[in-house]
Amino acid sequence: MKNRFIIKILFLLTVICTSVSSCVKGFDEFLDKPPGVDITEDTIFSTKKDIETFLFGTYMYGIHSYYPYNTTNGSVNPNPSMCMTAPMTDEAEMAQTYFTSQEWNTGSILANNIKKQEDTRFDLRWTAIRRCNIIIERLPGTSLTQKEKDQYMGETLFLRALNNFEMFKRYGGMPIVDKRLTDDDDWNKPRASVADFVNYIVNDCTESARLLKGIVYNANQRGRITDAAALALKARALLYAASPLFNTDKPYLPTEHPELVCYGNKDPQRWKLAANAALAALDAAQVSGFKLLDNDDPENDYRKVWDTYDNEEIILAEKFTGKIGNWSTPWSVILPAGLGMNGWAGNAVCVPHNFVRKYEKMDGTPQTWNEPGVPGTDLMEKYAELDPRFRQTMAYNGSSWNHAYTDMQLYEGATGQSPASGANVTGVIMHKLIPYAMSSSTNYQMEANAILFRVGELYLNYAEALNESLLSPSQAVYDAVNTIRDRAGMPDLPSELSKEQMRDRIKNERAVELAYEDHRLWDVRRWMDAEKEGVMQGSFYKVTITRKSGQKLAQKCDYVISEYEKRIFNHNMYLHPIFENEINKGYMIQNPGW
C-alpha cells in the first residue's frame with residue numbers, strides 16, 4: 001500500500017529488543033556508535049546476536065494483545081495493541097460512552113476512521129510483514145547454523161501468517177506481499193481472493209510448524225513461537241474460512257467482486273480441513289507439554305487459566321508489556337473506578353444481562369430469569385446456581401473481588417466496597433483479565449496475561465469444525481466439548497443432540513469459555529449471528545438492585561431486569577471497510593456496503 005508509513009518505512013526504523021520480554025530501544029539509540037562506524041543492513045545480518053535482535057523487534061510489531069493499550073496509528077511504542085473488542089458485542093458495555101465501542105453499538109463505524117474505531121494496528125501490521133519479508137530474504141545468506149536458520153525462519157513465517165490472518169478476519173482477501181518491495185516494484189498491490197489469501201496464510205503456518213517441530217521452551221518463555229502455535233493459528237484460520245461468512249456461494253451483500261469476501265461456493269470439505277487442523281494442533285500441543293489446566297478444582301481452575309502466568313494451557317502469549325501500574329493502560333481502562341484502584345473516572349467494563357443469560361445452571365439446564373419489568377427477590381440464589389465460570393469471570397453483588405475487596409456492593413446507592421458513581425451501569429462487572437492479586441499490596445503493579453492461543457480453544461475449534469463436517473455429532477464432538485465442561489465442573493452435554501442443537505451448544509460454550517479473549521466479535525460475524533436479537537443489535541438489558549428495607553447485608557436485595565439500550569448492527573458490518581484513503585488511491589476495491 002502506497003501509504004508513506006507502510007511502504008517507505010526503513011527496515012531499521014523501529015524498536016529493537018534484546019529478548020522477547022526485554023525493554024525496547026529506539027533506532028537512534030541502537031545506532032549509538034563510535035565515530036566512523038556505520039551500521040547497515042549487512043551489519044545487522046552479520047552476527048547471531050544482531051539477527052536475533054532484529055527478529056525480536058519484529059515480534060514486538062507482529063504480536064498483538066486483546067488488552068486495550070494506547071496505540072496511535074503509525075507510531076511505535078512498547079505496547080502496540082488493538083482495542084478491546086468485547087464492548088462491541090453482547091459481552092460488555094463500557095460504563096462511559098467516549099470509548100470507540102459506542103460507534104459499533106450505534107452502527108456508526110465509517111471507512112474513514114475504521115483504524116480508530118477498531119483496527120489500531122493496521123499500519124503496524126504492514127510494518128511487521130515488511131520486516132518478516134526482509135528476514136526471509138536475508139536469512140539464507142547468513143552464517144547461522146542450519147538449525148538456527150530453520151528456527152528463525154519458522155518464527156518469521158508464523159509472524160507473517162498471524163498478521164495476514166488478522167487482516168483476513170477483518171476484511172476478507174487482502175494484498176499478498178510476499179517479498180520486500182523496492183523502488184522497482186509496483187506498490188499498488190490489489191486485493192487477493194479469499195481462496196488465495198487463506199491458502200497463503202495456511203502455507204506459511206504449515207511451513208512454520210515444520211521448521212519449528214521439536215523446539216520446546218521453558219515455561220517462562222510462553223512468548224516464543226512453537227510448532228504448536230503455528231498449527232493453532234492454522235486451525236483458527238481454517239475454522240474461520242469454513243464458516244458461513246466466507247464458505248458460501250452468496251456474499252453477505254451483492255458485489256461485483258465476490259471472490260474478495262467469500263469463496264463463491266459452499267464446500268463442507270472446508271470444515272473437515274479445519275477439524276483435521278485443530279486435531280493436529282492438539283496433538284502437537286500435547287507433545288510439547290501443553291495441556292488443559294485441570295486440577296479437579298472447578299471453583300478455581302478456570303480462573304487460573306487467565307490469572308496464572310505461564311501456566312501449562314498457554315501455547316502463546318504477548319510478553320512485551322511487563323508490570324504496569326493502575327494509572328496506565330490497560331488497567332486504567334478496565335479496572336472498575338473506585339475500590340481504591342484508580343480506573344479512569346467513572347469507568348468499568350460492565351456486563352449486559354444478555355451475556356449473563358448464557359451461563360447455565362450447574363445442573364446443565366438454562367437458568368430461569370424474570371421477564372423484564374417483573375421484580376424479583378432471589379438474585380443471589382440465581383447467581384449461586386450458575387456455572388462456576390460465572391463466579392470466576394464476573395464481579396457481581398455480594399461477590400469477592402479479591403483479598404482486599406471481599407464484598408462487592410453493586411446495589412443502588414451503595415457506599416461501601418462499590419465502584420465509583422456511574423461505573424456500574426448493568427449490575428455486573430467483568431473481573432476476568434484483571435489479576436486477582438492486584439491491590440495496594442502489589443502497588444497495583446501487575447503484568448497483563450495476554451493469551452493468544454491456549455489448549456481450551458483448540459478443543460472447541462475441533463468440536464465445531466467436526467460437528468459441521470458430519471451429518472450428526474460423533475462421540476469425538478461430545479468428548480471435545482465435555483472435556484472443557486468437565487474442567488469447569490459442568491455436566492456432560494445431553495446425548496442424541498442433533499447437528500443443529502450441537503451447533504448451538506458449541507456456540508454457547510465458546511461464548512462462556514472464551515469470554516473477553518477477543519473471540520466473540522469475530523465468532524458472531526463469521527457465524528453471521530451478529531444481527532440476532534441481543535447479540536450486536538436489539539435490546540440490551542441491565543439488572544437494577546436495591547437493598548431490602550431493614551436489611552444490613554447487601555445480599556438481601558430486590559432486583560428488576562430492564563432495557564438500558566438498543567444497539568444497531570448494519571448488514572455491511574460483517575466485514576470491516578477498507579480504510580478510505582487506500583480506496584481513494586484507485587487500486588483497492590472496497591468491501592460491499594461501504
Side-chain angles (χ1 to χ4, degrees), residues 87 90-97 299 303 334-362 366-432 434 436 438-440 534 539-565:
D90 53 1
E91 280 187 319
E93 177 75 56
M94 299 305 284
Q96 300 300 318
T97 59
E299 292 294 337
R303 174 181 63 82
I334 63 178
L335 281 171
L339 298 178
M341 292 186 286
N342 298 326
W344 283 0
N347 191 52
V349 182
C350 301
V351 184
H353 187 67
N354 306 48
F355 198 76
V356 173
R357 292 179 67 95
K358 294 188 176 300
Y359 289 86
E360 303 166 5
K361 292 164 61 174
M362 285 187 285
Q367 181 59 279
T368 303
W369 294 98
N370 290 8
E371 291 298 316
V374 178
T377 60
D378 58 350
L379 182 63
M380 303 312 298
E381 290 85 349
K382 288 187 181 297
Y383 284 160
E385 292 175 340
L386 296 180
D387 182 331
R389 287 174 291 187
F390 173 78
R391 293 184 287 280
Q392 296 167 70
T393 302
M394 310 300 184
Y396 53 94
N397 192 55
S399 69
S400 175
W401 181 269
N402 60 14
H403 66 279
Y405 303 99
T406 58
D407 184 15
M408 289 290 287
Q409 298 177 12
L410 299 179
Y411 57 88
E412 294 289 286
T415 57
Q417 294 186 359
S418 61
S421 176
N424 171 26
V425 297
T426 63
V428 176
I429 292 175
M430 181 198 78
H431 195 316
K432 187 176 176 179
I434 302 171
Y436 269 58
M438 192 173 203
S439 68
S440 58
S539 297
F540 279 69
Y541 296 92
K542 64 180 180 178
V543 175
T544 302
I545 306 167
T546 55
R547 286 176 60 174
K548 279 189 174 181
S549 176
Q551 295 287 344
K552 294 182 179 180
L553 297 178
Q555 290 91 330
K556 304 297 183 180
C557 59
D558 297 320
Y559 73 98
V560 64
I561 298 167
S562 61
E563 180 183 301
Y564 72 88
E565 178 178 72

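Counting begins at 1 with the first residue of the sequence. Every heavy atom of this structure was used, including side-chain atoms; hydrogens, water molecules and symmetry mates were not. Everything numeric in this text was worked out from a predicted model, so none of it was measured.
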Got a donor-acceptor contact below 3.5 angstrom from the N424 side chain to the P419 backbone? no
Does any N or O in the side chain of N347 come within less than 3.5 Å of the main-chain N or O of L335, such that one atom is a donor and the other an acceptor? no
Could you tell me whether the side chain of Y359 reaches within less than 4.5 Å of the side chain of R389, counting heavy atoms only? yes
What distance do M430 atom CE and F355 atom CZ have between them, rounded to the nearest 0.5 Å? 11.5 Å
Is the backbone of W401 close enough, under 3.5 Å, to the side chain of H431 for a donor and an acceptor to pair up by distance? yes
Check whether E360 reaches the backbone of D387 with its side chain - one donor and one acceptor, N or O, closer than 3.5 Å. no
Work out which heavy atom in G416 is nearest to a heavy atom in Q409; give both atom names and the distance. N-OE1, 3.4 Å
Taking all atoms of both residues into account, what is the closest heavy-atom pair of T426 and V351, and its distance? OG1-O, 2.8 Å
Going by the ring-ring contact (aromatic ring centres under 6.0 Å, His included) test, name the single residue among W369, Y541, Y559, Y564 that passes it with H353. W369
Return the set of residues passing ring pair (Phe, Tyr, Trp, His ring centres under 6.0 Å) with Y383 (not counting sequence neighbours), or none when no residue passes. F390, Y396
Evaluate the side-chain proximity of P352 to F540: yes if any heavy-atom separation is below 4.5 Å, no if none is. yes
Please tell me if the side chains of E565 and E93 come closer than 4.5 Å, counting only heavy atoms from C-beta onward. yes
I want to know whether Y436 and H403 have ring centres closer than 6.0 Å. no
Beyond-backbone contact of S562 with K542, side-chain heavy atoms, under 4.5 angstrom: yes
Working for side chain to side chain contact (heavy atoms under 4.5 Å, CB included), residues M408 and Q417: CA-CA 5 Å; M408 289 290 287; Q417 294 186 359; 5.6 Å; no
So, taking the atom named CE in M380 and the one named NZ in K382, what distance separates them when rounded to the nearest 0.5 Å? 13.0 Å
Do you know the tightest heavy-atom contact between I434 and P336? CD1-CD, 4.3 Å
Flag, side chain of R391 to backbone of L386, donor-acceptor distance under 3.5 Å: yes
P388 backbone acceptor or donor facing E299 side chain under 3.5 Å: no
Would you indicate whether the side-chain heavy atoms of S400 and D407 approach each other to under 4.5 Å? no
Could you check whether any side-chain heavy atom of P372 comes within less than 4.5 Å of a side-chain heavy atom of V560, counting everything from C-beta outward? no
Once salt bridge (charged side-chain N to carboxylate O under 4.0 Å, His left out) is applied, do any residues pair with K361, and if so which ones, sequence neighbours excluded? none
Quick one, P375 and D558 - any side-chain contact, counting heavy atoms below 4.5 Å? no
For a quick test of reading the model, state the closest non-hydrogen atom pair linking A423 to A337 and the distance between them. CB-O, 4.3 Å
Roughly how far, to the nearest 0.5 Å, is CD of E412 from CG of L410? 10.5 Å
With side chains defined as the heavy atoms from C-beta onward, is the minimum distance between I429 and V349 less than 4.5 Å? no
What's the spacing between N354 CG and E91 CD if we round to 0.5 Å? 12.0 Å
Using only atom types and a distance under 3.5 Å, with no angle test, would you say the side chain of D378 pairs donor to acceptor with the backbone of E381? no
Does the T393 side chain pair with the main chain of K432, one donor and one acceptor, at a distance under 3.5 Å? no
So, for Q96 and G422, which heavy atoms are closest and what is the spacing to 0.1 Å? NE2-O, 4.1 Å
